[in-house]
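Each remark here refers to the structure printed beneath this line.
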Amino acid sequence: MSDVEVSRVSKRYDDLWAVKGVSFTAPVGSFTSLLGPSGCGKTTTLRLIAGFAALDEGEVRIGGRPVDALPPWRRNLGVVFQNYALFPFMTVFDNVAFGLRRRKVPRGETAERVAEAIDLVGLPDLAQRYPRQLSGGQQQRVALARALVIRPDVLLLDEPLSNLDAKLRAEMRFELKRIQRETGVTSIFVTHDQEEALTLSDQIVVMNLGTVAGAAPPKAIWEQPASAYVADFLGVENLFPGTVGDAARDDGTVAVSVDDSAAVLHVAATRPPGSAVVLGIRSEEVAVRRGGDMGEMDDGPNALDGTVREFTYIGSAIVYQVDCPALPGPLIATAQREFPVGDSVRLHLPPGAIKLLRPDAPAGGSGTRP
Amino acid sequence: MGDLFLRSGRGLVTAMAIFWLIFLVAPIVVTLASSFTSSTYLTFPPPGYSVRWYVSAFESEWVWSTFWNSVVIAVVSTAIAVALGIAAARVLARHRFHGRGLFEYAVLSPLIIPGVVVGFALLNVSVLIETQDAGLLNLIIGHTMVTTPFTLRSVWSSMAGSEISLEEAAQSLGATRWSAFWLIVFPLIVPGIVAGAIIAFTFSFNDVTISAFLSAREARTLPVELMSHIEYLPDPTPAAVSSLMIIVTLAFFLLVERTVGLDVFADR
């Protein structure tokens with residue numbers, strides 16, 4: 001087992017930086033996710049660690065040892081590919097044994113370790129089958145067994161769950177977690193799915209435009225995203241640029257005016273007056289009730305009137321898109337109660353639920369030009 | 001409406017089948033039949049039947065010497081074309097580089113340029129570099145040039161793109177670049193190699209246009225010799241040789257389909 005240190009790593013394709021100055025550390029035995037949209041440089045970063053591509057700047061250390069001069073076959077890493085990359089003309093046994101045979105492991109030990117690995121990943125007795133005779137989930141497990149049987153220093157996973165259907169994906173997520181816990185192998189996992197990253201990781205590295213936009217444990221990144229981009233990627237539906245008003249108020253809140261609108265919202269935070277911020281609030285934190293209904297809720301400072309533009313039923317709740325004249329764009333809110341399209345509603349944004357985020361470049365897919 | 005469409009489609013297929021019979025199968029049948037003639041000149045239908053022209057073919061020195069020339073040229077040029085095809089296909093499948101499109105067109109151009117032009121151009125080049133008397137060498141170079149597009153295309157299409165991650169997977173598991181190619185990529189592209197090699201070999205063995213320009217006195221291919229024989233002499237020996245070539249080619253394809261064909265294309 002080894003840790004992985006990625007320091008100021010850059011990779012350029014022609015005149016486009018796929019990765020620019022990326023740094024993070026994956027501690028021994030940890031599970032690190034590289035999260036971001038396609039083209040953000042997460043897969044390139046993984047390929048640089050694996051040695052499939054040569055980096056232009058920076059350094060990768062595995063177990064404290066720089067590996068940049070080593071070819072992939074000398075790095076002792078397990079790699080699981082998005083398309084599994086199983087050798088189609090080899091049986092499951094031969095696929096899993098491939099790495100051991102390259103290492104000249106004796107025949108008897110090979111058979112033993114292959115059986116162990118197949119058992120570890122929870123595969124039934126399929127050793128003599130060919131990959132095309134297996135289901136997607138089984139192929140996934142073979143790919144994992146093949147990568148783990150060589151006892152790699154680090155396990156690299158490139159969107160391994162994205163080709164599975166929803167049910168299987170959820171199941172494999174638990175399986176991945178169990179296997180990683182049982183083997184204790186340092187793992188680096190590339191994904192564009194925030195839920196996968198949150199459920200699996202000890203650390204999430206959010207990437208944007210070839211750079212690191214934020215890195216933190218799942219709970220921290222969920223509760224206090226480093227920037228508006230990170231918040232956007234972690235599913236904060238409502239993001240509005242704003243400016244902090246003059247003075248802090250007695251109740252520990254600041255008044256923040258939403259840009260391009262008349263709305264002023266109170267937020268439980270402290271920021272110097274005049275700071276440019278992005279206000280963020282998750283849909284489920286927004287309270288929705290009927291317009292003009294003076295029910296159980298007291299009109300706080302952050303009450304807004306609006307009209308239901310559209311709604312979608314998601315089973316556990318209803319997600320509303322509400323037009324608020326006071327805001328520059330529609331607000332997304334989640335509620336249990338049903339309101340028809342065109343209904344007047346009153347929204348309440350609790351001061352403690354609004355996050356003040358650092359503004360940054362808008363979410364984007366392609367790399368930056370040097 | 002749909003019925004009409006279907007019916008006219010069927011009519012088209014029938015018409016195509018009839019055309020195919022008339023223009024491709026009929027000449028073969030005529031050649032085969034007239035090769036068994038008993039007369040001393042080519043006629044159809046033959047006045048009587050005999051195998052005398054087959055005996056004549058086997059006893060003719062010119063048939064044997066040019067046959068061996070053709071075999072050597074076809075084997076060597078196919079081998080080179082396969083090697084070049086694999087190398088070029090790997091470059092095209094894996095790398096994006098400046099001039100990639102140009103490279104692709106340059107390699108594939110012999111498919112578009114008429115054989116007469118290629119043959120004439122190659123003849124001029126060989127005169128320029130004073131190798132016009134090295135007939136065998138010129139023929140091998142010429143045939144390699146024209147058949148490499150076939151091997152490149154078929155090898156390239158057998159590299160479906162997945163072989164890149166397969167190769168990387170093999171490397172991550174401890175296989176060097178070389179062993180990853182031989183253990184993983186090569187078995188995957190064997191069908192493409194076999195298919196390309198068959199086309200290249202058949203093309204080289206049957207080619208007249210390019211070979212006519214490049215054949216020197218001492219190095220003529222069988223089809224070129226057959227053509228000049230037909231031009232100057234009326235005897236039906238060429239018909240017998242042609243029939244043999246047809247039969248051997250058919251047998252060759254059957255053999256490939258029965259052995260390599262079924263073995264290689266299954267289990268994947």
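First the proteins, then the strands, lettered A, B, ... as listed; each starts at 1.
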Quiz item: Is atom CZ of R103(A) surrounded by more than 12 heavy atoms (other residues, nucleotides or ligands) closer than 6.0 Å?
Solution: yes
Quiz item: Is it the side chain or the backbone of A180(B) that comes within 4.5 Å of chain A heavy atoms, both, or neither?
Solution: neither
Quiz item: Which heavy atom in A175(B) sits nearest to a heavy atom in W73(A), and how many Å separate them?
Solution: O-CB, 3.4 Å
Quiz prompt | Greatest number of heavy atom pairs closer than 4.5 Å to chain B - which of D14(A), L86(A), N76(A) | solution = L86(A)
Quiz item: In terms of heavy-atom contacts, does CZ of R153(B) have more than 12 from other residues, nucleotides or ligands at under 6.0 Å?
Solution: no
Self-check item: Gap between atom CZ of F81(A) and atom OG of S172(B) - 0.5 Å precision
Solution: 5.0 Å
Quiz item: Heavy atoms, side chains only, cut-off 4.5 Å: are I184(B) and M90(A) in contact?
Solution: yes
Quiz item: Side chains of T176(B) and R102(A): closer than 4.5 Å at any heavy-atom pair?
Solution: no
Quiz prompt | Within residues 59-66 of chain A, residues adjacent to chain B where the heavy-atom gap is under 4.5 Å | solution = none
Quiz item: CZ of F52(A) to CD of Q171(B): how many Å apart, nearest 0.5 Å?
Solution: 7.0 Å
Practice problem: Write out, in numerical order, the residues from residues 72-79 of chain B with a heavy atom short of 4.5 Å from a heavy atom in chain A. | Solution: none
Quiz item: By a 4.5 Å heavy-atom criterion (distance strictly below it), what part of I150(A) contacts chain B: side chain, backbone, both, or neither?
Solution: side chain
Quiz prompt | Top contributor to chain B contacts, counting heavy-atom pairs under 4.5 Å, from R75(A), R47(A), Q133(A) | solution = R47(A)
Quiz item: Do other residues, nucleotides or ligands put more than 12 heavy atoms under 6.0 Å from Y13(A) OH?
Solution: yes
Quiz prompt | Spacing of F87(A) atom CZ and L173(B) atom CG [to the nearest 0.5 Å] | solution = 5.5 Å
Practice problem: Would you indicate whether D165(A), at its atom CG, is surrounded by more than 12 heavy atoms from other residues, nucleotides or ligands within a distance under 6.0 Å? | Solution: yes
Quiz item: Can you name the closest pair of heavy atoms from N83(A) and S165(B) and give their distance?
Solution: ND2-OG, 3.2 Å
Self-check item: For the student: nearest non-hydrogen atoms of F89(A) and L188(B), plus distance
Solution: CE2-CG, 3.8 Å
